[in-house]
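Read the structure below first, then the notes.
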2 protein chains.
Amino acid sequence: MKKDIEVCEIQCIHEEDVKEVKDSMLEPNTLLDLAEFFKVFGDATRIKILYALFQKEMCVCDIAAVLDMNQSAVSHQLRILKNHRLVKFRREGKIIYYSLDDDHVKKVFHEGLNHIEHS
Amino acid sequence: MKKDIEVCEIQCIHEEDVKEVKDSMLEPNTLLDLAEFFKVFGDATRIKILYALFQKEMCVCDIAAVLDMNQSAVSHQLRILKNHRLVKFRREGKIIYYSLDDDHVKKVFHEGLNHIEHS
DNA sequence: TTAACATATGAACATATATTCATATGTTGT
DNA sequence: ACAACATATGAATATATGTTCATATGTTAA
């Protein structure tokens, strides 16, 4: 049964367009994954880490030194980068070296740079 | 004068590397702008809006209908996209049509898709 | 086994951010 | 001028996120 007062009804103007665009929308999971992926780039600390790793693989404490941050903060961020397969690591004794895991990273990065330079 | 107890000193292992990477680091403003730029992509609502606008220009209420969200929420997000020059708009009477403002958007988007598909 | 070191992690806190609600602004037709 | 409509915006709230602190894990050398 419908209530006689209908609130929050979304009104659209171009029904055809809405239907068409709605049908072509990405799958919910893809959307969430994409947003998650970009969210990783949306933090200055992680951007710095990625940019540092563009130059060469580095261990955690060296990254911390480059960023002038404490080891814990860097480690937390590295975990996020690792979970999203943006960086990988190898162990050498006590030291763990991190490096880039993916070529898309550089491409995304440079498209971002292009944008902020041209706007 | 130095305190005899020195806490939170950042210890690095490879001084040379640290110096080199630190010197080649992006400027603080560039870093912040980049992070800001990607932060815009890091939200499912904005991703949906951008993807919708890939198909065609749309007015606010149609976008709201596509996303199944209220007008205010969409408007707030459009403002963010507008501020970062990702979308532009034109007015036609009462209606305001939004569209993509930048080719980098699509490129960034597709690199992101590539990444999540290959990982 | 123990000390020293490199890194990881859980909890707590402070800050940032998205959505909602109410309302303001700006446009059109009467 | 007024009503109806499309959009924008400020404030409030709830949630997400980054950093710090304390501590745990894992490795090496003695």
Side-chain angles (χ1 to χ4, degrees), chain A residues 7-15 17-18 31-32 35-50 57-84 87-99, chain B residues 7-15 17-18 31-32 35-50 57-84 87-99:
Chain A
V7 267
C8 276
E9 183 105 31
I10 295 165
Q11 300 208 12
C12 67
I13 300 174
H14 312 87
E15 280 192 48
D17 289 355
V18 169
L31 280 164
L32 291 175
E36 275 298 303
F37 173 68
F38 287 122
K39 208 173 287 183
V40 178
F41 287 83
D43 174 80
T45 298
R46 289 190 292 266
I47 289 280
K48 282 186 220 169
I49 294 176
L50 290 174
E57 71 168 10
M58 298 185 84
C59 69
V60 178
C61 61
D62 282 355
I63 296 173
V66 167
L67 304 201
D68 204 18
M69 290 179 68
N70 70 47
Q71 175 267 322
S72 179
V74 171
S75 198
H76 277 297
Q77 298 306 333
L78 283 170
R79 181 156 51 92
I80 293 172
L81 293 169
K82 194 169 50 182
N83 287 345
H84 288 83
V87 302
K88 58 182 191 290
F89 64 95
R90 67 182 178 86
R91 166 162 245 144
E92 200 168 286
K94 289 180 284 193
I95 304 173
I96 295 183
Y97 291 94
Y98 280 86
S99 57
Chain B
V7 265
C8 277
E9 182 106 33
I10 295 165
Q11 299 209 10
C12 67
I13 300 174
H14 312 87
E15 279 192 50
D17 289 354
V18 169
L31 279 165
L32 291 175
E36 275 299 304
F37 173 69
F38 287 121
K39 209 174 287 184
V40 178
F41 287 82
D43 174 81
T45 298
R46 290 191 291 265
I47 288 279
K48 281 185 220 169
I49 294 177
L50 290 174
E57 71 167 11
M58 299 184 84
C59 70
V60 179
C61 62
D62 282 357
I63 297 173
V66 167
L67 305 200
D68 203 18
M69 290 179 69
N70 69 47
Q71 175 268 321
S72 179
V74 170
S75 198
H76 278 295
Q77 297 306 331
L78 282 170
R79 182 157 50 93
I80 293 172
L81 292 169
K82 195 169 49 182
N83 288 344
H84 287 84
V87 303
K88 59 182 190 291
F89 64 96
R90 68 183 179 85
R91 165 162 245 144
E92 201 168 286
K94 289 180 286 194
I95 304 173
I96 295 185
Y97 291 94
Y98 280 85
S99 58

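These values consider heavy atoms only, across backbone and side chains, with no hydrogens, waters or symmetry-generated copies.
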Is there a side-chain contact between A:Val66 and A:Lys48 in this structure, where contact means two heavy atoms from C-beta onward sitting under 4.5 Å apart?
no
Of A:Glu36 and B:Arg91, whose nearest nucleotide on DNA chain D comes first from the 5' end?
B:Arg91
By nearest-nucleotide position on DNA chain D, the 5'-leaning member of B:Lys94 and B:Ser75 is B:Lys94
Please report the shortest heavy-atom distance between [X] and [Y], naming the atom on each side.
X       : Y       : value
B:Leu81 : B:Ile49 : CD1-CG2, 3.7 Å
B:Ala35 : A:Ala44 : CB-N, 3.6 Å
B:Leu78 : B:Val87 : O-CG2, 4.2 Å
B:Ile95 : A:Ile13 : CD1-CD1, 3.6 Å
B:Val74 : B:Ile63 : CG1-CG2, 3.8 Å
B:Glu92 : B:Arg90 : OE1-NH1, 2.6 Å

Among the candidates D:dA8, D:dT19, C:dA8, find the nucleotide nearest to the side-chain atoms of A:Val60.
C:dA8
To the side chain of A:Cys61, which of D:dT7, C:dG26, C:dT7 is closest?
C:dT7
[atom1] of [X] versus [atom2] of [N]: gap in Å, rounded?
X       : N      : atom1 : atom2 : value
B:Met69 : D:dT7  : CE    : C1'   : 15 Å
A:Leu67 : D:dG18 : CG    : C1'   : 14 Å
A:Arg90 : D:dT27 : CZ    : P     : 16 Å
A:His84 : D:dT17 : NE2   : C1'   : 13 Å
A:Phe89 : C:dT7  : CZ    : C1'   : 11 Å
B:Ile95 : C:dT28 : CD1   : P     : 10 Å
A:Ile13 : D:dT7  : CD1   : P     : 5 Å
A:Asn70 : C:dT9  : CG    : P     : 16 Å

Between A:Phe41 and A:Phe38, what is the ring plane arrangement, given parallel below 30°, perpendicular above 60°, and tilted in between?
tilted
Evaluate the side chain to side chain contact (heavy atoms under 4.5 Å, CB included) criterion for residues B:Met69 and B:Gln77: first the C-alpha distance (whole Å), next the side-chain angles of each, then the deciding distance (0.1 Å), finally the verdict.
CA-CA 11 Å; B:Met69 290 179 69; B:Gln77 297 306 331; 5.8 Å; no
Taking the nucleotide of DNA chain C with the nearest heavy atom to each, does B:Gln77 or A:Cys59 sit closer to the 5' end?
A:Cys59
Below 4.0 angstrom from OP1 or OP2 of [N], is there any side-chain N or O of [X]?
X       : N      : result
B:Gln71 : D:dA6  : no
A:Tyr98 : C:dA6  : no
B:Arg46 : C:dA18 : yes

Is the Lys NZ or Arg CZ of B:Lys82 less than 6.0 Å from the centre of B:Phe89's six-membered ring, within 45° of the axis?
yes
Mind listing the N/O atom pairs, protein and nucleotides 10-13 of chain C, below 3.5 Å?
| from | atom 1 | to | atom 2 | distance (Å) |
| --- | --- | --- | --- | --- |
| C:dG10 | O6 | A:His76 | NE2 | 2.8 |

Compute the bend angle of the helix from C:dT1-D:dA30 to C:dT30-D:dA1 from the end axes (five pairs per end), rounded to 10°.
30°
